[in-house]
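I have placed the structure first, in the form of structure tokens, so that the comments after it can refer back to it.
Just so it is clear: chains get the letters A, B, ... in the order the sequence lines come, proteins before strands, and each one is counted from 1.
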There are 2 protein chains.
Amino acid sequence: MNDNASELELKARKAKEATATLAFLPATVKNRALLRVARMLVESKTEILDANREDYVEARSSGMNEAMLDRLMLTGERIDAIAADVLTVAALPDPVGRIFDNRTLPNGLQLAKRRVPLGVIAAIYESRPNVTIDISALCLKSGNACLLRGGKEARRSNRALASVMQRACAAEGVPDGAVQFIESTDRALVSELLGMRQYIDLVIPRGGADLIRLVAEQATMAVVTGGIGVCHAYVDKTAEVEMAVRIVENAKVQRPTVCNALDCVLVHRDIARRFLPRMAAALGRSKVEIRADAEAVDILKASGYAEVVSATDADWGKEYLSLVAAVRVVGDIGEAIEHIRRYGSGHSEAIVTEDYSASNRFVAEVDAACVYVNASTRFTDGSQFGLGAEIGISTQKFHARGPMALEEITSYKWVALGTGQVRE
Amino acid sequence: MNDNASELELKARKAKEATATLAFLPATVKNRALLRVARMLVESKTEILDANREDYVEARSSGMNEAMLDRLMLTGERIDAIAADVLTVAALPDPVGRIFDNRTLPNGLQLAKRRVPLGVIAAIYESRPNVTIDISALCLKSGNACLLRGGKEARRSNRALASVMQRACAAEGVPDGAVQFIESTDRALVSELLGMRQYIDLVIPRGGADLIRLVAEQATMAVVTGGIGVCHAYVDKTAEVEMAVRIVENAKVQRPTVCNALDCVLVHRDIARRFLPRMAAALGRSKVEIRADAEAVDILKASGYAEVVSATDADWGKEYLSLVAAVRVVGDIGEAIEHIRRYGSGHSEAIVTEDYSASNRFVAEVDAACVYVNASTRFTDGSQFGLGAEIGISTQKFHARGPMALEEITSYKWVALGTGQVRE
């Protein structure tokens, strides 16, 4: 075992050891630590921004693209926003200890589930340094220890942010080991980490499809995968055209770089001539590039919209994360559902319709974390859903699906209070 | 790819294809199929028992031990019991489609979770042929397809039982592919299966510790591990001695071969002299072998109980599955909790106490699926807990913990019903 591996092993073990105390740390202590984190983030701006500037300069000179550079960059305002998010987490109710599914068995045994932390949560993430604080704050609030392994490009920024977190925790009596930051960005460490079932209860990969696949295939512990959103809107023949245009425009344009942004519009043949020109006009105002199938191209060109591009096979199932939209004409709702089944990523899918049966069928048959009728896919978000925060958006079905907040990183134990009951 | 691997791939793909229809198969169809399974099991007794007899004869001549032979053996009565369990499953409410966590967002969007099947559940199990019916019945009821891979020793019995299941399903219009039985018992197939993330959503290993570890380490999809129960009862200094004896006796003796049976008694020093002789007398009546630490040995011998054996280190953390109990004297509740933390398997743990604070502390600090105060560990069971059935007992924290029944093999989707909402 080399030095990096022993650093990892040591930190993972320390995190595991911290769980025994963290699991029943009073809410007041956790909240005081979070309030101090928020305060110290603001007070430590210079230190954090200096570290971030070094990361940024190095990344730019190594040729990182603009979108990635933007994710990497911190500003005073962005640090204020991260601190505000920590305050939001502090204000949420403590999930730990909540009793649910109570029942009394016929023999008088009082049975209930009691919410408990999962244990140690490892996060493997890429260039966004805010993840360091987001995830460690949610883990602390839910009584989980965390093991943070950020991307190489953001290593100085992550180290500065983790240091704030750790100092705030230490000052408020959170057990040493609760927030572990892996210094080394050696890629071999990821494989080591994914083998540590004895220390790590859950691993959350936050990054691109390659990272997620690697983690899902190699992890020996539980994994939550997600974050890849190939989102569709199906405009049914009965749709209100104005509403459909508004929903498509919002889902595509309001924030195109995120996973719940719209990628592909499927439109029923019977409404395509009325809908597509209006849609193209709306998307055109925001300079959205439209890549359409042959039928949609014909309709758009016939209506005088010349900017349309012909879609290729690579456009179906593509997550653009930019101002591009694929468009396809379908013969009926079944064809739309089949397209989504084949090309969707199980994230967020919408139908626009005034037909009761069509909405029921879409909701029943589309297999995705979030299925919308007459609303924008952009609502798939922990804050929007009223969960108060978000550790990620799960596109798997196991354990939690869709936006994951505090409750989704906990488990429960069954507690049975008896008066001497034995089994007959 | 050899023929066995292509059989597996074909069946896994067929199971996946069946999920699209199974997911919204009406409860009436599923229930009619289950009623027919129960009827056909009873009608097909000769065929099933003939197959089982061949398995049994082969296993006995190959030197299988009595406990394993007993698990393998079917009788007319056992088949009746399996059929009765299927009727119980048929009578349970359908979990699919249930709406929960409803909320209306400030913008009027109506949001709720709707319960859906997981998809394809693979079960890898050992010598008990009843698992073939138990798991496939629970999967069918919950709208999941299943892929069954039983042990070599029970292959004829499993094939006969799976055939009954498949014929009953076909006769009632359950989609072809819902119940897939792997004929080959080639061990290499397990590794193949564990790599099939594209087809399999969850794998449940039912068997010994080696199988469970192999599956947990190699599976690329979600896993539920469990079934290993190293269970403790801590007799606090304030315990009512009569109650403590009754609970220990029940937990150890009532059915010693199962995972929720008691393995180790921890007794507070202050009550050991009053408790241990009474406990030994009760366990002695059922011929339980007691393996005690030095202090308990002295107390038992001084009280005239000579049969006690000295425990070795191998006795702590051992799941006996037989009429053996380890006994240890502890200085306080903290020592008991520490012993359980070190040696327990996270299954079922009990305290016997009249002390309010001690019960609270035990419940809070003992990290197990089921924690009992003044009751026998033998209650850890889906039927006992009122879940109606059981697909296994999870000792992991992720997704489900403790007895797993229908709800625990489902997921949910978020359904958002709007009136044109877009995000600001």
Between [atom1] on residue [X] and [atom2] on residue [Y], distance to nearest 0.5 Å:
X	Y	atom1	atom2	result
A/His399	B/Leu202	NE2	CG	14.0 Å
B/Glu217	A/Met221	CD	CE	10.5 Å
B/Phe24	A/Arg361	CZ	CZ	7.5 Å

Heavy atoms from other residues, nucleotides or ligands near CZ of B/Arg255 exceed 12 (cutoff 6.0 Å): no
Examine whether an atom of [X] lies under 4.5 Å from a heavy atom of chain B, and if so say whether it belongs to the side chain, the backbone or both; otherwise answer neither.
X	value
A/Glu408	side chain
A/Arg114	side chain
A/Ala23	neither
A/Val223	backbone
A/Arg246	both
A/Ala400	both
A/Gln254	side chain

Residues of residues 99-112 of chain A near chain B, each having a heavy atom less than 4.5 Å away: A/Arg103, A/Leu105, A/Asn107, A/Leu109, A/Leu111
For chain B, which residues of residues 411-424 of chain A have heavy atoms nearer than 4.5 angstrom: A/Ser411, A/Tyr412, A/Lys413, A/Trp414, A/Val415, A/Ala416, A/Leu417, A/Gly418, A/Thr419, A/Gly420, A/Gln421, A/Val422, A/Arg423, A/Glu424
Relative to chain B, which of [options] shows the most heavy atom pairs under 4.5 Å?
options	value
A/Thr380, A/Asp381, A/Val352	A/Asp381
A/Thr220, A/Val371, A/Thr377, A/Ile409	A/Val371
A/Ala375, A/Gly195, A/Ala350	A/Ala375
A/Ala244, A/Ala369, A/Gly402, A/Gly386	A/Ala369

side-chain hydrogen bond (donor to acceptor under 3.5 Å, both in side chains) partners of B/Arg115, counting only residues at least two apart: B/Thr410
With sequence neighbours excluded, residues passing side-chain hydrogen bond (donor to acceptor under 3.5 Å, both in side chains) with A/Thr395: none
B/Phe398 and A/Phe398 aromatic ring geometry - parallel, tilted or perpendicular at 30°/60° bounds: tilted
Segment of B/Arg197 engaging chain A (4.5 angstrom heavy-atom cut-off): side chain
Portion of B/Gln384 that has a non-hydrogen atom of chain A nearer than 4.5 angstrom: both
Which of B/Ile247, B/Asp367, B/Ile351, B/Thr225 touches chain A most, by non-hydrogen pairs under 4.5 Å: B/Ile247
